[in-house]
Structure formats: C-alpha cells, structure tokens
Colleague: 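Shown below is the structure under consideration.
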Amino acid sequence: MEEKNYQISLYQQREKIKKNIHQLKLENFHFQYLLRFIKKHKKEVKIMILLIFFLVILEVILSLFSHSFISQFSALLIRKKMPIVFFILSAGVMIYLVCSFIGLKIEKTLIVYLLNDLRRGWFKIFLHRPFFKTKSQNKASLIAKISYHLPLLQMGVEKSLIGSMRWILYILGLISITFFYNTKLLIIVLAFIPINIAIGVIGYFIAKNYITKETTLYSEIIKNIVTDLYELPFIQSHRLEEKSLKKLDDLVKIDTYFRIRRNLWLNFGPRVIFALLILLAGIFYILQIYFPSFFLQIEIGNLFLSGIIIFYLTRLLYTSLQIGFYSLPTKLGLILSVPKSKTNKRRFINFKNFQTISFNAKKTKLIKSDGYSHHLKFEFKKSEKILIFGKNPNKNQLGLIFSGQGQFNISSWIVKINGKRFFYKHWQQASFPAYFIKNDLSTEKKIGEILTGKNKEDITPLDVEKTFQTLSPFKEFNFIMSLSKFMGHDFQSMKMNLTELFSLQAAYCLIKKPLLIIVDAIYADLNNEITNKVFKILTNQLKESIFIVLSGQDNSLLKYDKKYFLFQKGVEKI
C-alpha cells in the first residue's frame with residue numbers, strides 16, 4: 001500500500017511539473033549581451049554568415065552546372081570536353097570542402113567563445129561576491145550552470161539559432177535550383193515549406209512538454225548533490241544520510257520519466273521524417289497517375305537532379321525538426337546562463353605613486369546585527385604605523401574593510417587614494433597590495449602555495465629560491481623552512497598553533513611586500529614573545545608599508561604614528 005501511495009505521489013508530481021509551465025521570456029539584458037558578443041566577434045560572425053551563404057550558392061551552381069553538362073552534351077562532346085568539365089567540377093568541390101571546413105570551424109569557435117565568456121562571467125561574479133553571501137546552494141547553482149546549463153545553451157545555439165540561418169538559406173538554394181530547372185517542380189518545393197514549418201511547431205511543443213522539464217530537473221539533481229556534499233558534516237552528525245538519498249531518488253525518478261520521453265522523441269524524430277518522405281513519395285506516385293501531363297512537364301525522371309532535390313528536402317525536414325526541438329532549450333539556456341549585465345565601469349586604481357589612503361563612512365554597520373556607527377574616518381600615510389583600539393567587539397570588521405573584504409553596508413564607505421575619490425566597490429575590484437593577517441585562515445593549499453600566492457603547478461624553482469632567501473635569515477620561520485613542507489604539506493595537515501599561524505601569514509607579507517598590512521586584534525593582544533619578534537621583523541623589513549594594528553587596548557607593541565579609539569558608535573583620533 002505504501003509503495004502504491006508513493007507511485008501515486010510521483011505521478012502527481014509529474015503532472016504538476018507538466019502543468020507548471022513558466023513563461024520563458026527573454027529580457028532586454030539577454031539581447032544586449034548577445035549584441036555585445038556579436039560586436040566583439042563581428043569579424044568571425046560576418047565570415048560565418050558569408051560562408052554559409054556562399055556554400056549554398058556554390059551548391060546551387062555545382063548542381064546546375066553538373067546537370068547542364070551531363071544532360072546536354074552528347075557522348076562525343078563529353079569526351080572532348082570531359083577534362084575541362086572534370087577540372088571545373090573538381091575545383092568547385094575542393095572550394096566547397098575548404099569553405100565548409102572553415103565555416104564549420106568558425107561556427108564551433110564562436111560557440112566555444114560564447115560559453116567561455118559566460119563561464120568566466122559567472123565565475124567572476126562569485127569571486128567578487130562576499131564569502132558570507134556565497135552559500136552552498138549558490139555554489140551548487142554555479143556548478144549546475146557550468147556543467148549543464150552552458151552545454152544546453154551550446155546545443156541550442158548550434159541546432160536552433162545557426163540551424164534557422166541554414167534553414168532559410170537551404171530554402172533559397174532549393175528554390176533557386178528548381179526555378180532554373182523547372183518551374184513546375186518549384187510548386188512542389190513551395191508546398192514543402194508549410195510541412196517544414198508544421199514539423200518545427202510540433203518539435204517546439206514536444207520540447208515544451210518534455211525537454212525543458214528534463215533540463216530543469218537534471219539541474220536540480222546536480223544542485224542537490226553538490227549542496228549535500230557541502231553539508232556533509234551536518235548530514236552525518238544528524239544521521240540524515242537516508243533522507244538525503246530519498247530526496248535524490250525522488251528527483252531521479254521524476255527526471256527519469258522526462259528523460260526517457262526526451263530521448264524517445266529526439267531519436268524518434270528522424271524516423272518520422274523518413275516515414276514522411278516515404279509517404280510523400282507515395283502521394284507523388286498517385287498524383288502522377290492522375291496528373292501525368294503535369295509530372296511529364298517536370299521531367300522528374302532525371303535521377304541526378306532528383307537526388308539533389310530529395311537530399312535538400314530531407315535536410316530541410318531534419319533541420320526544421322531540430323529547430324523546433326532546440327528553440328525552447330536555447331531560450332531556456334540563455335535565461336539560465338546569461339548573468340544580468342552591470343553598466344558600472346571598473347575604475348583602475350594606480351598604486352605607482354601611492355602616498356595616502358583614507359576610508360570614510362558617515363553612517364554604517366560593522367556587522368549586520370549591530371547598530372549604526374557614525375562618522376568613521378581613517379587616514380593613513382605611506383610608512384605609517386597605526387593602532388586602532390577599543391572595547392568595540394566588531395573592530396576586526398575594519399580589517400575586512402581596509403583589506404577590501406568588507407561585508408556589510410560597504411556602499412556607505414568612500415575610499416580616497418592620493419586624494420582621488422573611489423567608491424568602495426572600486427577598492428574591492430582593484431588588484432591592490434593589501435593583506436589582513438587574521439586568525440581564521442582556512443585552506444587546503446600547500447604551504448608553498450600560501451607563501452608564493454600561486455597554484456602548485458605554477459610555482460617555479462625561482463619562486464622557491466626567492467622564498468628561502470627572504471625567510472632564512474630569521475629563525476622564527478624555521479618551522480616552514482624545508483622543501484618537503486614547502487611542496488608536500490598542506491595547511492590543515494600541519495595543525496599550526498596561533499603563533500605559527502601569525503608567522504606563516506607574516507612570511508607571506510615579507511615575500512609579497514603589501515603596502516597595507518592589517519593585523520587581527522587577537523595577535524596584538526596575545527603579547528607572545530615570538531609574535532612580538534615577528535612584528536618587529538615585519539616593520540624593519542617593510543619600511544614603506546602601512547601597518548594597521550587592531551587591538552582591544554592601548555599598547556606599545558610598535559612605535560605608532562597615529563592612534564584611533566573605536567567606541568561603540570564611532571571613532572576618535574588620539
């Protein structure tokens with residue numbers, strides 16, 4: 001009984017999904033994106049369109065040329081003219097094949113460029129999104145876009161958009177051949193156009209009821225798997241493994257229903273076209289019996305030209321079916337894959353003559369749950385050492401603001417560099433030399449990757465040599481000064497204590513020499529002998545850098561040029 005109720009529930013869900021057809025509407029920014037992409041690659045687009053048009057014209061010319069010479073010359077004349085005819089045909093065929101290859105290459109290249117551009121766009125959005133906003137579901141959505149939505153768009157663009165262009169040119173080519181050969185045959189070709197349109201419409205409605213549903217459900221499966229992988233510790237600790245599997249099984253069963261029907265129609269379509277051609281051939285045979293004079297005028301007995309026309313008609317029917325099947329997935333692929341365009345231009349921040357920087361906020365929140373702070377203003381000059389202290393528990397959020405990792409009310413901050421005003425988003429987007437030494441470093445990177453700021457495969461022997469030369473004079477960094485640890489140990493496996501964690505990040509600063517170094521309050525308040533020594537090493541070696549130390553209280557850790565007292569609702573310069 002339970003199994004029966006479960007099957008009924010699945011059936012009801014399938015029917016609900018069938019009825020719940022959302023209106024897929026392309027918005028203005030989708031068309032703007034496509035227009036920008038076409039403008040960016042206008043040369044390739046023009047060449048592709050011209051080649052497709054040229055190939056159809058060439059097909060028509062070769063067909064008419066072949067028919068004319070084969071049908072009109074006698075055997076004697078053929079023997080005399082055969083070398084010339086063969087040379088012309090061979091040259092035409094070679095040109096056709098070369099142009100086909102180039103056109104196909106440009107077509108595939110443009111599609112790959114489109115997918116690469118969209119993939120990079122989405123990844124860029126996530127890279128510049130504050131970490132606290134990037135939930136596991138958001139990450140799962142990104143993976144679904146890259147792994148399924150973009151291939152869906154690729155398939156749709158190839159089969160539907162470019163297919164529509166080809167369909168129009170095929171029609172023109174077929175009309176041209178029949179017009180020059182026999183106008184009676186032209187009537188039959190024109191009669192095929194409504195049949196092609198009808199097949200396309202049928203394919204569209206099949207896609208609407210099955211293909212788009214399968215696409216949506218498969219995306220849900222991907223997102224469900226990725227989300228559960230991110231939440232694996234929670235699932236295991238709460239013993240939710242079976243519930244997670246059941247949810248996946250339910251999605252898979254519904255997806256299977258639509259997937260089978262999608263594959264059924266996609267593979268059944270060509271067989272329908274074959275049956276349709278047989279049926280039409282039978283109809284023409286019957287009509288030939290009842291209207292023999294009409295078909296005698298057509299001279300359809302010419303096997304060569306008849307074969308070309310039949311090939312064109314078959315190609316037209318199959319292209320019409322593909323356009324119908326993939327037009328809706330193309331639209332769905334664009335809706336799922338094109339991010340909303342932002343008109344804000346990225347401003348370049350020049351650090352070449354860096355001297356001063358200031359952060360100002362008339363009214364802002366340091367954390368979401370806290371009240372507003374007023375008139376926060378910080379001014380730093382090159383080589384200065386600044387202390388920001390006070391009992392405000394959210395002062396470390398200033399470290400995120402100064403290092404470009406601000407999370408809350410970031411639009412309220414104005415940044416000035418050498419007196420030039422920037423919005424905070426420009427500071428976030430800049431490749432700026434700032435680093436926040438904090439106590440919550442979480443990564444699976446190798447020690448060498450952390451110190452060099454490069455992926456393992458990009459680290460060169462020169463990077464290793466530079467790192468060792470920079471750190472070897474200081475015994476405080478001996479715990480990471482071995483090649484096996486540098487290349488073979490990851491951060492998590494070393495299980496560093498608080499002092500070593502500070503020293504590791506300080507070592508990165510020694511190597512990269514950032515202009516802005518912000519230190520977490522926990523290190524300033526630690527008052528540890530090794531940590532204090534590393535502080536002095538940093539300030540002695542990086543004399544041009546600005547050091548911003550966050551602390552719970554006033555201290556003499558460094559010889560400060562400025563001090564700011566941060567109270568609950570504001571800041572006071574001392």
Colleague: To the nearest 0.5 Å, what is the distance between CD1 (Ile111) and CG (Asn116)?
Modeller: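 One finds 12.0 Å between CD1 of Ile111 and CG of Asn116.
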Colleague: If only atom types and distance count, is the side chain of Gln355 paired as donor or acceptor with the main-chain N or O of Lys382 below 3.5 Å?
Modeller: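 No, Gln355 side chain to Lys382 backbone: no donor-acceptor pair under 3.5 Å.
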Colleague: Any side-chain to backbone donor/acceptor pair from Asn396 onto Leu550? Under 3.5 Å, distance only.
Modeller: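 No, because the side chain of Asn396 does not come within donor-acceptor range (under 3.5 Å) of the backbone of Leu550.
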Colleague: Which pair of heavy atoms, one from Ser403 and one from Ala434, lies closest together, and at what distance?
Modeller: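 Shortest heavy-atom contact: CA-CB, 4.3 Å.
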Colleague: Is the shortest side-chain heavy-atom distance between Pro433 and Leu516 below 4.5 Å?
Modeller: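 Heavy-atom side-chain distance check fails, nothing below 4.5 Å.
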Colleague: Flag the pair Tyr33 / Leu114 as yes when at least one side-chain heavy-atom distance between them is below 4.5 Å, and no otherwise.
Modeller: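 SC-SC contact between Tyr33 and Leu114 confirmed.
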Colleague: Between Phe359 and Trp427 (judged by ring centroids, cut-off 6.0 Å), do the two rings come close enough to count as a pair?
Modeller: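 Yes, the ring centres sit under 6.0 Å apart.
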Colleague: Are any of the side-chain heavy atoms of Ile52 and Met165 separated by less than 4.5 Å?
Modeller: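 Answer yes - side chains close enough.
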Colleague: Would a 4.5 Å heavy-atom cut-off, applied to side chains only, mark Val98 and Tyr96 as touching?
Modeller: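 They are not in side-chain contact.
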Colleague: Would a distance-only check, ignoring hydrogens and angles, find a side-chain to backbone donor-acceptor pair under 3.5 Å from Asn196 to Ser320?
Modeller: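 Here the side-chain-to-backbone pair does not exist.
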Colleague: How long is the span from the NZ atom in Lys395 to the CG atom in Asp520, to the nearest 0.5 Å?
Modeller: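 Result: 9.5 Å between the selected atoms.
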Colleague: Apply side-chain contact (heavy atoms from CB on, under 4.5 Å) to the pair Ile401 and Tyr424, showing each step before the final yes or no.
Modeller: CA-CA 9 Å; Ile401 292 291; Tyr424 187 78; 3.9 Å; yes
Colleague: Nearest 0.5 Å, please: how far is CG in Asn360 from CD1 in Ile414?
Modeller: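 The CD1 atom of Ile414 sits 8.0 Å away from the CG atom of Asn360.
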Colleague: Do Thr364 side-chain atoms and Ala361 backbone N/O form a donor-acceptor pair below 3.5 Å?
Modeller: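 Side chain of Thr364 to backbone of Ala361: no pair is present.
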Colleague: Look at atom NZ of Lys512 and say whether more than 12 heavy atoms of other residues, nucleotides or ligands are closer to it than 6.0 Å.
Modeller: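 It does: Lys512 NZ has more than 12 such atoms within range.
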Colleague: Which heavy-atom pair separates Glu449 from Ile459 by the least distance, and what is that distance?
Modeller: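 So the minimum-distance heavy-atom pair works out to N-CD1, 3.9 Å.
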Colleague: Working to the nearest 0.5 angstrom, can you tell me the gap between Gln405 CD and Ile518 CD1?
Modeller: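 If we round to the nearest 0.5 Å, Gln405:CD and Ile518:CD1 are 8.5 Å apart.
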Colleague: Write down the atom of Tyr508, the atom of Ile450, and the distance for their closest heavy-atom approach.
Modeller: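 Heavy-atom minimum between the residues: CD1-O, 3.1 Å.
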Colleague: Kindly determine whether Lys438 and Leu400 satisfy side-chain contact (heavy atoms from CB on, under 4.5 Å), including the steps that lead there.
Modeller: CA-CA 10 Å; Lys438 48 189 175 180; Leu400 296 174; 4.0 Å; yes
Colleague: Kindly say whether the aromatic ring centers of Phe402 and Phe436 come within a distance under 6.0 Å.
Modeller: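 No, the ring centres sit 6.0 Å or more apart.
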Colleague: Can you list the steps and then say if Met48 with His41 is a side-chain contact (heavy atoms from CB on, under 4.5 Å)?
Modeller: CA-CA 11 Å; Met48 183 188 71; His41 300 283; over 6 Å; no
Colleague: Taking atom CG of Leu51 and atom CD1 of Ile106, what is their separation to the nearest 0.5 Å?
Modeller: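 If we round to the nearest 0.5 Å, Leu51:CG and Ile106:CD1 are 5.5 Å apart.
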Colleague: Do Glu44 and Lys105 meet the salt-bridge criterion of a basic N to acidic O distance under 4.0 Å?
Modeller: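 No salt bridge links Lys105 with Glu44.
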Colleague: Looking at Phe37, does the NZ or CZ of Lys40 lie under 6.0 angstrom from its six-membered ring centre and within 45 degrees of the ring axis?
Modeller: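 No.
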Colleague: For Ile357 and Ile546, run side-chain contact (heavy atoms from CB on, under 4.5 Å): C-alpha distance rounded to whole Å, both residues' side-chain angles, the deciding distance at 0.1 Å, then the answer.
Modeller: CA-CA 10 Å; Ile357 183 169; Ile546 298 173; 4.2 Å; yes
Colleague: How many angstroms lie between atom OG of Ser164 and atom CD1 of Ile323, to the nearest 0.5 angstrom?
Modeller: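 Between atom OG of Ser164 and atom CD1 of Ile323 there are 4.0 Å.
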Colleague: Going by heavy atoms in the side chains, are Ile47 and Leu50 under 4.5 Å from each other?
Modeller: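 Side-chain contact under 4.5 Å: no.
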Colleague: Within the structure provided, determine whether Ile548 and Ile517 are in side-chain contact (heavy-atom separation under 4.5 Å).
Modeller: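 They are not in side-chain contact.
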Colleague: Flag the pair Arg421 / His426 as yes when at least one side-chain heavy-atom distance between them is below 4.5 Å, and no otherwise.
Modeller: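 Heavy-atom side-chain distance check fails, nothing below 4.5 Å.
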